[in-house]
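Order of appearance sets the numbers: ligands from 1, and atoms from 1 within every ligand.
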Amino acid sequence: MNSRWNGQFSCYDLVAKTAARPNTIVRIGGIAIGGDEFIVMAGPCAVESERQVLDTALMVARSGARILRGGAYKPRSSPYSFQGLGVEGLKLLNKARDLTGLAIITEVMSETDVEIVAEYADILQVGARSMENFSLLERLGNCGRPVLLKRGMTATLEDLLRSAQFIVACGNPDVILCERGIRTFETATRNTFDVAAVPVLKTVSHLPVIVDPSHAAGVRALVPVLARAAVVVGADGLLVEVHPQPEKAFSDGEQSLTFVQFDSMMQDLAPYLNLRFEADKTFAMAGGFD
Ligand code: PEP
Ligand code: MN
């Protein structure tokens with residue numbers, strides 16, 4: 001490993017890549033995150049209704065997604081915005097799993113909700129705003145489910161790895177890192193997709209890395225091209241917002257893809273996915289980062 005990064009990150013020993021621990025594969029049933037397959041998680045920002053979530057599940061599954069996303073507990077910055085359906089939303093996600101066989105990822109915001117969310121979901125998502133909620137991270141250490149940890153809006157990669165180490169140290173080795181864009185001076189996009197975060201994290205850590213192009217872009221037209229970039233720089237998968245009628249979405253409609261757009265994004269990614277392993281080999285032969 002490059003000596004600069006080695007010095008910076010090796011203190012996070014539980015998540016640092018070593019010869020003995022080069023790669024963690026997180027398994028959910030037959031799905032392996034961090035292995036050979038590029039895993040796409042897709043669905044609405046928020047679970048809004050049975051129709052919305054079941055229709056979305058069927059369509060994203062048909063296009064090749066393996067995991068359904070949908071928030072039942074939403075971190076909204078206004079108390080007047082839709083806060084999510086709570087347990088009712090979790091039950092709808094369960095129905096979607098029964099209908100399609102997709103695994104379920106959903107956000108948990110508070111340690112008091114971990115038990116109920118873990119009862120219904122296959123992966124628990126920690127949102128960007130919760131990345132340093134250490135009582136939540138501690139509780140996730142023994143939730144019995146994999147955790148997808150989103151990078152905070154103003155968090156460095158070191159901050160992200162510190163939080164990941166916290167969860168692992170509390171007993172849960174199944175942590176997935178997620179780059180979802182960071183706050184910079186740029187305002188044309190909602191956040192700035194830190195494209196270098198992916199190869200840096202893949203170099204210094206053994207944990208899988210997922211990219212969320214939707215929250216990075218904030219606008220749906222950019223989502224497919226950021227998704228393509230994620231494939232090319234070596235991400236293990238995507239977390240993408242998809243809605244049956246984005247213009248009517250309760251949250252994040254501007255960045256949500258329609259079913260048709262999601263399907264064409266998946267088709268567009270196919271040739272890049274075929275090149276993925278070839279590119280990795282060439283990169284390794286060129287000496288990686290050293
Ligand atoms: C979300 O996934 O809908 C979400 C709230 O994301 P973030 O925590 O990255 O803002
Ligand atoms: Mn969202």
Side-chain angles (χ1 to χ4, degrees), residues 39-48 52-53 56 60 65 67-79 81-86 89-90 93 103-110 113 117 121-133 136-137 140 146-157 159-160 163-164 167 175-184 189-194 197-198 201 209-220 222-223 226-227 230 235 237-258 262:
I39 300 294
V40 177
M41 316 178 183
C45 180
V47 175
E48 300 168 2
Q52 173 236 22
V53 79
T56 308
V60 299
I67 299 175
L68 177 69
R69 65 145 290 152
Y73 298 86
K74 292 305 301 174
R76 304 307 300 281
S77 45
S78 164
S81 300
F82 175 63
Q83 305 291 318
L85 295 178
L90 297 176
L93 289 168
I104 300 298
I105 179 169
T106 195
E107 178 159 354
V108 60
M109 290 165 57
S110 147
D113 295 329
V117 177
D122 300 293
I123 305 174
L124 275 55
Q125 173 176 324
V126 175
R129 292 157 192 80
S130 301
M131 191 202 82
E132 290 193 327
N133 179 346
L136 173 62
L137 303 185
L140 289 168
V147 173
L148 179 135
L149 178 67
K150 287 190 144 194
R151 181 182 185 181
M153 269 178 274
T154 58
T156 62
L157 296 180
D159 297 332
L160 175 64
S163 288
I167 300 170
V175 177
I176 303 156
L177 304 172
C178 179
E179 162 61 36
R180 47 76 76 204
I182 51 175
R183 191 156 277 182
T184 68
T189 48
R190 181 176 180 182
N191 291 287
T192 297
F193 173 26
D194 180 3
V198 180
L201 290 171
V209 178
I210 295 291
V211 167
D212 171 350
S214 308
H215 290 85
V219 47
R220 79 176 65 85
L222 281 180
V223 170
L226 297 193
L238 297 172
L239 180 70
V240 185
E241 287 185 336
V242 178
H243 194 283
Q245 292 174 289
E247 68 289 353
K248 296 206 174 134
F250 293 180
S251 57
D252 288 349
E254 320 86 87
Q255 67 196 34
S256 299
L257 300 179
T258 63
F262 178 69

Would one find an N or O of Ala128, backbone or side chain, under 3.5 Å from an N or O of ligand 1? yes

Examine Asp212 against ligand 1 and note whether any of their N/O atoms are separated by less than 3.5 Å. no

Nearest-neighbour protein heavy atom for [atom], which is reported as residue plus atom name and distance:
atom: atom 4 (C) of ligand 1; answer: His215 NE2, 3.4 Å
atom: atom 6 (O) of ligand 1; answer: Lys150 NZ, 2.8 Å
atom: atom 9 (O) of ligand 1; answer: Arg180 NE, 2.6 Å

Starting at [atom1] of [X], measure out to [atom2] of [Y] and round the result to the nearest 0.5 Å.
X: Leu136; Y: Asp113; atom1: CG; atom2: CG; value: 9.0 Å
X: Glu241; Y: Ser251; atom1: CD; atom2: OG; value: 7.0 Å
X: Ser130; Y: Lys150; atom1: OG; atom2: NZ; value: 10.5 Å
X: Thr156; Y: Arg151; atom1: OG1; atom2: CZ; value: 7.0 Å
X: Leu140; Y: Leu148; atom1: CG; atom2: CG; value: 11.5 Å
X: Arg220; Y: Thr258; atom1: CZ; atom2: OG1; value: 7.5 Å

Looking at the Mn ion (ligand 2), which N/O/S atom of Asp252 is the nearest one? OD2

Measure from the Mn ion (ligand 2) to every N/O/S atom of Glu241 and report the name of the nearest one. OE2

I'd like to check which ligand 1 atoms, numbered from 1 as shown, lie under 4.0 Å from a non-hydrogen atom of [X].
X: Gln125; result: 1 (C), 2 (O)
X: Gly127; result: 8 (O)
X: Cys45; result: 3 (O)

Please calculate the SG(Cys45)-the Mn ion (ligand 2)-NE2(His215) angle and round it to 10 degrees. 170°

Check: His215 main-chain N/O paired with Asn191 side-chain donor or acceptor under 3.5 Å: yes

Do the side chain of Gln52 and the main chain of Ala46 share a donor and acceptor less than 3.5 angstrom apart? yes

From Arg69, Arg76, Glu107 - option closest to atom 2 (O) of ligand 1 by heavy atom: Arg69

Among Glu179, Met41, Arg180, the one residue meeting side chain to side chain contact (heavy atoms under 4.5 Å, CB included) with Ile210: Met41

Without hydrogens or angle criteria, can the side chains of His243 and Asp252 be said to hold a donor-acceptor pair below 3.5 Å? no

Determine whether any heavy atom of Gly71 lies closer than 4.0 Å to an atom of ligand 1. no

In this structure, does ligand 1 have an atom that sits under 4.0 Å from one of the heavy atoms of Lys74? yes

Examine the proximity of ligand 1 to Met153 and report which part, side chain or backbone, both or neither, has a heavy atom under 4.0 Å away. neither

